Q: 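Quick one: the structure is below, questions incoming.
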2 protein chains.
Amino acid sequence: MSADNVTDLQMIRGTRTVLDMVGSKWSVDVLYLLASGTRRYSEIFYEVGEISKKTLTQTLRSLERDGLIARRVFAEVPPKVEYSLTPLGWSITGPLMAMYEWTAEHMPDAAAA
Amino acid sequence: MSADNVTDLQMIRGTRTVLDMVGSKWSVDVLYLLASGTRRYSEIFYEVGEISKKTLTQTLRSLERDGLIARRVFAEVPPKVEYSLTPLGWSITGPLMAMYEWTAEHMPDAAAA
DNA sequence: CTGTATCCAGTAGGATACTG
DNA sequence: CAGTATCCTACTGGATACAG
(Lines give C-alpha, C1' and ligand atoms only; values in the text may rest on other atoms or scores of the structure.)
Protein backbone atom coordinates (compact mmCIF):
# COMPACT_ATOMS: atom_id res chain seq x y z
CA MET A 1 0.00 0.00 0.00
CA SER A 2 2.80 2.43 -0.68
CA ALA A 3 0.97 5.63 -1.51
CA ASP A 4 4.13 7.32 -2.73
CA ASN A 5 4.87 4.68 -5.29
CA VAL A 6 5.11 7.24 -8.06
CA THR A 7 8.09 7.26 -10.39
CA ASP A 8 9.73 10.35 -11.78
CA LEU A 9 8.79 9.07 -15.20
CA GLN A 10 5.11 9.06 -14.33
CA MET A 11 5.33 12.57 -12.98
CA ILE A 12 7.15 13.76 -16.07
CA ARG A 13 4.68 12.10 -18.41
CA GLY A 14 1.69 13.34 -16.47
CA THR A 15 2.94 16.90 -16.28
CA ARG A 16 3.88 16.94 -19.95
CA THR A 17 0.40 15.69 -20.83
CA VAL A 18 -1.12 18.85 -19.37
CA LEU A 19 1.55 21.00 -20.96
CA ASP A 20 0.81 19.47 -24.34
CA MET A 21 -2.92 20.03 -23.87
CA VAL A 22 -2.80 23.69 -22.86
CA GLY A 23 0.64 24.80 -23.96
CA SER A 24 -0.11 26.09 -27.43
CA LYS A 25 -0.04 29.83 -27.93
CA TRP A 26 -3.75 30.60 -27.49
CA SER A 27 -5.16 27.65 -25.51
CA VAL A 28 -5.21 29.48 -22.20
CA ASP A 29 -6.94 32.52 -23.71
CA VAL A 30 -9.69 30.33 -25.17
CA LEU A 31 -10.08 28.28 -22.01
CA TYR A 32 -10.38 31.29 -19.70
CA LEU A 33 -12.74 32.98 -22.13
CA LEU A 34 -15.05 29.97 -22.26
CA ALA A 35 -14.83 29.73 -18.48
CA SER A 36 -16.86 32.93 -18.40
CA GLY A 37 -19.52 31.48 -20.67
CA THR A 38 -20.35 29.73 -23.94
CA ARG A 39 -19.27 31.60 -27.05
CA ARG A 40 -19.70 31.47 -30.80
CA TYR A 41 -16.76 31.12 -33.15
CA SER A 42 -16.80 34.76 -34.20
CA GLU A 43 -17.14 35.94 -30.61
CA ILE A 44 -14.03 34.03 -29.62
CA PHE A 45 -12.27 35.32 -32.71
CA TYR A 46 -12.92 38.95 -31.83
CA GLU A 47 -12.54 38.68 -28.06
CA VAL A 48 -9.20 36.90 -28.21
CA GLY A 49 -7.85 39.60 -30.45
CA GLU A 50 -4.85 39.06 -32.69
CA ILE A 51 -5.36 35.37 -33.41
CA SER A 52 -5.77 34.22 -37.01
CA LYS A 53 -8.77 32.15 -38.05
CA LYS A 54 -6.59 29.25 -39.04
CA THR A 55 -4.91 29.19 -35.66
CA LEU A 56 -8.17 29.66 -33.80
CA THR A 57 -9.68 26.69 -35.60
CA GLN A 58 -6.60 24.60 -34.88
CA THR A 59 -6.71 25.58 -31.21
CA LEU A 60 -10.41 24.79 -30.91
CA ARG A 61 -10.02 21.43 -32.65
CA SER A 62 -7.15 20.49 -30.43
CA LEU A 63 -9.00 21.39 -27.23
CA GLU A 64 -12.02 19.50 -28.53
CA ARG A 65 -9.98 16.38 -29.32
CA ASP A 66 -8.61 16.48 -25.78
CA GLY A 67 -12.14 16.71 -24.41
CA LEU A 68 -11.70 20.12 -22.78
CA ILE A 69 -14.30 21.92 -24.84
CA ALA A 70 -17.52 20.93 -26.61
CA ARG A 71 -18.55 22.05 -30.09
CA ARG A 72 -22.22 22.41 -30.90
CA VAL A 73 -23.38 23.07 -34.46
CA PHE A 74 -26.78 24.62 -35.18
CA ALA A 75 -28.40 23.74 -38.49
CA GLU A 76 -29.17 27.30 -39.47
CA VAL A 77 -28.40 29.79 -42.17
CA PRO A 78 -26.15 31.54 -41.59
CA PRO A 79 -24.23 28.87 -39.67
CA LYS A 80 -23.91 29.03 -35.92
CA VAL A 81 -21.40 27.11 -33.83
CA GLU A 82 -21.09 27.33 -30.09
CA TYR A 83 -18.14 26.36 -27.96
CA SER A 84 -18.25 25.63 -24.24
CA LEU A 85 -16.18 24.10 -21.49
CA THR A 86 -16.75 20.44 -20.66
CA PRO A 87 -16.53 19.19 -17.07
CA LEU A 88 -13.00 18.08 -17.89
CA GLY A 89 -12.30 21.55 -19.23
CA TRP A 90 -13.57 23.06 -16.01
CA SER A 91 -11.41 20.74 -13.96
CA ILE A 92 -8.24 21.79 -15.76
CA THR A 93 -8.76 25.41 -14.74
CA GLY A 94 -7.52 24.18 -11.35
CA PRO A 95 -3.91 23.53 -12.47
CA LEU A 96 -4.17 26.63 -14.65
CA MET A 97 -5.09 28.81 -11.70
CA ALA A 98 -2.26 27.23 -9.71
CA MET A 99 0.09 28.59 -12.36
CA TYR A 100 -1.45 32.05 -12.23
CA GLU A 101 -1.29 32.11 -8.45
CA TRP A 102 2.35 31.10 -8.56
CA THR A 103 3.22 34.12 -10.70
CA ALA A 104 1.07 36.37 -8.54
CA GLU A 105 3.10 35.28 -5.53
CA HIS A 106 6.57 34.84 -6.98
CA MET A 107 6.69 37.11 -9.99
CA PRO A 108 4.53 40.12 -9.10
CA ASP A 109 5.92 42.15 -12.04
CA ALA A 110 4.99 39.51 -14.59
CA ALA A 111 1.36 39.70 -13.55
CA ALA A 112 1.31 43.48 -13.63
CA ALA A 113 1.52 43.84 -17.41
CA MET B 1 -9.92 45.75 -0.64
CA SER B 2 -11.52 43.75 -3.40
CA ALA B 3 -9.59 40.50 -3.31
CA ASP B 4 -11.14 39.28 -6.54
CA ASN B 5 -10.04 42.27 -8.52
CA VAL B 6 -8.22 40.13 -11.03
CA THR B 7 -8.77 40.56 -14.74
CA ASP B 8 -8.86 37.78 -17.28
CA LEU B 9 -5.88 39.41 -18.90
CA GLN B 10 -3.81 39.11 -15.76
CA MET B 11 -4.74 35.46 -15.37
CA ILE B 12 -3.85 34.78 -18.97
CA ARG B 13 -0.54 36.61 -18.72
CA GLY B 14 0.34 34.96 -15.43
CA THR B 15 -0.51 31.48 -16.59
CA ARG B 16 1.35 31.94 -19.86
CA THR B 17 4.39 33.11 -17.93
CA VAL B 18 4.66 29.73 -16.22
CA LEU B 19 3.91 27.93 -19.47
CA ASP B 20 6.72 29.83 -21.17
CA MET B 21 9.11 29.03 -18.35
CA VAL B 22 8.52 25.28 -18.16
CA GLY B 23 6.86 24.48 -21.47
CA SER B 24 9.89 23.62 -23.57
CA LYS B 25 10.36 19.99 -24.45
CA TRP B 26 12.76 18.96 -21.68
CA SER B 27 12.26 21.56 -18.93
CA VAL B 28 10.09 19.34 -16.77
CA ASP B 29 12.53 16.43 -17.02
CA VAL B 30 15.40 18.63 -15.88
CA LEU B 31 13.40 20.26 -13.10
CA TYR B 32 12.17 16.97 -11.64
CA LEU B 33 15.64 15.48 -11.93
CA LEU B 34 17.25 18.35 -10.04
CA ALA B 35 14.45 18.14 -7.48
CA SER B 36 16.02 14.84 -6.45
CA GLY B 37 19.44 16.44 -6.01
CA THR B 38 22.20 18.51 -7.55
CA ARG B 39 23.67 17.10 -10.75
CA ARG B 40 26.58 17.65 -13.09
CA TYR B 41 26.08 18.45 -16.75
CA SER B 42 27.00 14.97 -17.92
CA GLU B 43 24.81 13.34 -15.30
CA ILE B 44 21.80 15.29 -16.51
CA PHE B 45 22.74 14.48 -20.07
CA TYR B 46 22.75 10.74 -19.45
CA GLU B 47 19.86 10.56 -17.01
CA VAL B 48 17.48 12.53 -19.20
CA GLY B 49 18.17 10.18 -22.05
CA GLU B 50 17.57 11.17 -25.66
CA ILE B 51 18.25 14.88 -25.36
CA SER B 52 20.97 16.44 -27.50
CA LYS B 53 23.77 18.46 -25.92
CA LYS B 54 22.74 21.58 -27.73
CA THR B 55 19.18 21.31 -26.51
CA LEU B 56 20.25 20.43 -22.97
CA THR B 57 22.45 23.52 -22.83
CA GLN B 58 19.63 25.66 -24.19
CA THR B 59 17.21 24.23 -21.63
CA LEU B 60 19.62 24.80 -18.76
CA ARG B 61 20.40 28.36 -19.86
CA SER B 62 16.72 29.16 -20.14
CA LEU B 63 15.89 27.78 -16.69
CA GLU B 64 18.87 29.65 -15.28
CA ARG B 65 17.81 32.95 -16.89
CA ASP B 66 14.38 32.49 -15.33
CA GLY B 67 15.98 31.89 -11.94
CA LEU B 68 14.69 28.35 -11.51
CA ILE B 69 18.09 26.67 -11.39
CA ALA B 70 21.58 27.71 -10.31
CA ARG B 71 24.79 26.98 -12.21
CA ARG B 72 28.02 26.52 -10.28
CA VAL B 73 31.34 26.24 -12.09
CA PHE B 74 34.36 24.61 -10.47
CA ALA B 75 37.77 25.82 -11.60
CA GLU B 76 39.15 22.35 -12.22
CA VAL B 77 40.61 20.27 -14.97
CA PRO B 78 38.67 18.59 -16.36
CA PRO B 79 35.84 21.10 -15.98
CA LYS B 80 33.02 20.48 -13.54
CA VAL B 81 29.69 22.27 -13.53
CA GLU B 82 26.87 21.59 -11.13
CA TYR B 83 23.22 22.47 -11.52
CA SER B 84 20.71 22.71 -8.71
CA LEU B 85 17.23 24.01 -7.99
CA THR B 86 16.89 27.51 -6.55
CA PRO B 87 14.18 28.32 -3.98
CA LEU B 88 12.15 29.70 -6.88
CA GLY B 89 12.76 26.45 -8.76
CA TRP B 90 11.51 24.49 -5.77
CA SER B 91 8.43 26.64 -5.54
CA ILE B 92 7.44 25.99 -9.12
CA THR B 93 7.29 22.26 -8.50
CA GLY B 94 3.99 23.13 -6.79
CA PRO B 95 2.13 24.08 -9.99
CA LEU B 96 3.99 21.27 -11.75
CA MET B 97 2.71 18.70 -9.28
CA ALA B 98 -0.78 20.16 -9.62
CA MET B 99 -0.58 19.24 -13.32
CA TYR B 100 0.62 15.75 -12.59
CA GLU B 101 -2.11 15.22 -10.01
CA TRP B 102 -4.70 16.41 -12.48
CA THR B 103 -3.68 13.72 -14.98
CA ALA B 104 -3.52 11.12 -12.24
CA GLU B 105 -7.11 11.92 -11.36
CA HIS B 106 -8.64 12.72 -14.73
CA MET B 107 -6.51 10.84 -17.25
CA PRO B 108 -5.43 7.62 -15.50
CA ASP B 109 -4.30 6.07 -18.79
CA ALA B 110 -1.99 8.95 -19.61
CA ALA B 111 -0.11 8.41 -16.38
CA ALA B 112 0.17 4.67 -16.86
CA ALA B 113 2.70 4.72 -19.71
C1' DC C 1 34.11 17.28 -19.17
C1' DT C 2 31.34 20.98 -20.79
C1' DG C 3 30.13 23.03 -23.93
C1' DT C 4 29.98 25.67 -29.21
C1' DA C 5 29.40 25.76 -34.31
C1' DT C 6 27.02 24.40 -38.23
C1' DC C 7 23.57 22.53 -40.89
C1' DC C 8 19.01 20.69 -41.37
C1' DA C 9 14.10 19.02 -40.93
C1' DG C 10 9.69 19.54 -38.92
C1' DT C 11 6.17 22.36 -37.10
C1' DA C 12 3.53 26.31 -35.19
C1' DG C 13 1.48 30.11 -36.45
C1' DG C 14 0.45 34.39 -39.44
C1' DA C 15 -1.58 36.72 -43.97
C1' DT C 16 -4.62 36.56 -47.42
C1' DA C 17 -8.08 34.90 -50.34
C1' DC C 18 -11.81 31.93 -51.14
C1' DT C 19 -16.23 28.73 -50.05
C1' DG C 20 -20.75 26.39 -48.43
C1' DC D 1 -20.99 32.82 -40.21
C1' DA D 2 -17.61 29.48 -39.86
C1' DG D 3 -14.45 27.83 -41.58
C1' DT D 4 -10.52 25.97 -45.75
C1' DA D 5 -6.74 26.53 -48.89
C1' DT D 6 -2.42 28.20 -49.91
C1' DC D 7 1.83 30.25 -49.15
C1' DC D 8 5.35 31.73 -46.13
C1' DT D 9 8.44 32.88 -42.05
C1' DA D 10 10.43 31.90 -37.68
C1' DC D 11 11.60 29.03 -34.25
C1' DT D 12 12.57 24.53 -31.86
C1' DG D 13 15.18 20.81 -31.55
C1' DG D 14 18.19 16.93 -33.54
C1' DA D 15 22.91 15.28 -35.67
C1' DT D 16 27.47 15.79 -36.09
C1' DA D 17 31.86 17.68 -35.59
C1' DC D 18 34.93 20.49 -33.16
C1' DA D 19 37.11 23.28 -29.01
C1' DG D 20 38.97 24.87 -24.40
Side-chain angles (χ1 to χ4, degrees), chain A residues 12-13 15-34 37-66 68-85, chain B residues 12-13 15-34 37-66 68-85:
Chain A
I12 292 171
R13 292 183 57 95
T15 305
R16 275 239 60 85
T17 297
V18 176
L19 256 11
D20 291 341
M21 289 171 88
V22 305
S24 80
K25 192 170 179 187
W26 301 101
S27 301
V28 173
D29 301 63
V30 172
L31 255 11
Y32 280 147
L33 182 61
L34 295 186
T38 296
R39 295 269 153 63
R40 301 182 56 166
Y41 181 89
S42 55
E43 293 175 323
I44 304 175
F45 183 69
Y46 288 111
E47 291 187 55
V48 167
E50 339 122 81
I51 193 172
S52 71
K53 284 194 203 170
K54 179 193 158 196
T55 303
L56 175 55
T57 300
Q58 277 175 180
T59 303
L60 291 168
R61 294 282 187 279
S62 170
L63 294 173
E64 191 193 1
R65 265 196 310 277
D66 290 335
L68 300 181
I69 67 175
R71 178 173 181 269
R72 186 176 176 202
V73 183
F74 294 81
E76 304 174 358
V77 178
K80 175 179 171 183
V81 181
E82 278 185 358
Y83 293 91
S84 57
L85 244 46
Chain B
I12 293 171
R13 291 183 58 94
T15 306
R16 276 237 61 84
T17 297
V18 176
L19 256 12
D20 291 341
M21 288 172 88
V22 304
S24 79
K25 193 170 179 186
W26 301 102
S27 300
V28 174
D29 301 64
V30 171
L31 254 13
Y32 279 147
L33 183 60
L34 295 186
T38 296
R39 295 267 154 60
R40 301 182 56 167
Y41 181 88
S42 55
E43 292 175 323
I44 304 175
F45 184 67
Y46 288 111
E47 290 187 56
V48 166
E50 338 122 82
I51 194 173
S52 71
K53 284 192 206 170
K54 178 193 159 195
T55 303
L56 175 56
T57 300
Q58 278 176 180
T59 303
L60 291 168
R61 293 283 187 278
S62 170
L63 294 173
E64 191 193 0
R65 264 195 311 278
D66 290 336
L68 300 181
I69 67 174
R71 179 173 180 268
R72 185 176 176 203
V73 183
F74 294 81
E76 302 175 359
V77 178
K80 176 179 170 184
V81 180
E82 279 185 357
Y83 293 91
S84 57
L85 243 46

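To find a chain, count down the sequence lines: A is the first, B the second, and so on, and within it residues start at 1. Computation of the quantities below employed the complete heavy-atom set of this structure, encompassing side-chain atoms and omitting hydrogens, waters and symmetry-equivalent molecules. If you're wondering where the values come from, they're calculated on a predicted model, not measured in any experiment.
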Q: Please list, chain by chain and in numerical order, all residues satisfying side chain to side chain donor-acceptor pair (under 3.5 Å) with A:Ser42, sequence neighbours excluded.
A: none
Q: Distance check, rounded to the nearest 0.5 Å: A:Thr38 atom OG1 versus A:Leu33 atom CG?
A: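 If I round to the nearest 0.5 Å, the distance is 10.5 Å.
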Q: In residues 51-62 of chain A, which ones come under 4.0 Å of DNA chain C, going by heavy atoms?
A: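 DNA chain C contact set from residues 51-62 of chain A: A:Ser52, A:Lys54, A:Thr55.
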Q: Walk me through it: do B:Arg61 and B:Glu64 pass the test side chain to side chain contact (heavy atoms under 4.5 Å, CB included)?
A: CA-CA 5 Å; B:Arg61 293 283 187 278; B:Glu64 191 193 0; 4.2 Å; yes
Q: For B:Glu47, what residues pass the salt bridge (Lys or Arg N to Asp or Glu O under 4.0 Å) criterion, not counting sequence neighbours?
A: B:Arg39
Q: Can you give me every donor-acceptor pair (side chain of residues 70-84 of chain A, partner residue at least two apart or in another chain, under 3.5 Å) with its distance?
A:
residue, atom, partner, partner atom, Å
A:Arg71, NE, A:Tyr83, OH, 3.2

Q: Restricting to side chain to side chain donor-acceptor pair (under 3.5 Å), what partner residues turn up for B:Thr59, sequence neighbours left out?
A: none
Q: With axes from five pairs an end, tell me the bend angle of the helix from C:dC1-D:dG20 to C:dG20-D:dC1, nearest 10°.
A: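 Inter-axis angle at the ends, rounded: 50°.
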Q: What pair of heavy atoms forms the shortest contact from B:Ile69 to B:Leu60, and how long is it?
A: CD1-O, 3.5 Å
Q: Using a 4.0 Å cut-off on heavy atoms, which residues in residues 41-50 of chain B reach DNA chain C? List them by number, or say none.
A: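 Output list: B:Tyr41, B:Ser42.
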Q: Going 5' to 3' along DNA chain D, between which two nucleotides do contacts with chain A fall, using a heavy-atom cut-off of 4.0 Å?
A: D:dC1 to D:dC7
Q: Atom CG of B:Leu34 and atom CG of B:Leu68: how far apart are they, to the nearest 0.5 Å?
A: 10.5 Å
Q: First and last nucleotide of DNA chain C touching chain A, 5' to 3', heavy-atom cut-off 4.0 Å?
A: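 Listed 5' to 3', the contact boundaries are C:dG13 to C:dG20.
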Q: Not counting sequence neighbours, which residues clear side chain to side chain donor-acceptor pair (under 3.5 Å) with B:Thr55? List them please.
A: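 Side chain to side chain donor-acceptor pair (under 3.5 Å) check on B:Thr55 returns B:Ser52.
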Q: Within the distance-only criterion (no hydrogens, no angle test), does the side chain of A:Thr57 pair as donor or acceptor with the backbone N or O of A:Lys53 below 3.5 angstrom?
A: yes
Q: Under 3.5 Å, which donor-acceptor pairs link side chains of residues 18-32 of chain B to any protein atom two or more places apart or in another chain?
A:
residue, atom, partner, partner atom, Å
B:Asp20, OD1, B:Arg16, NH2, 3.1
B:Ser24, OG, B:Ser27, OG, 2.5
B:Tyr32, OH, A:Thr15, OG1, 2.8

Q: Is there a residue in residues 74-81 of chain B whose heavy atoms reach under 4.0 Å of DNA chain C, and which residues are they?
A: B:Pro78, B:Pro79, B:Lys80, B:Val81
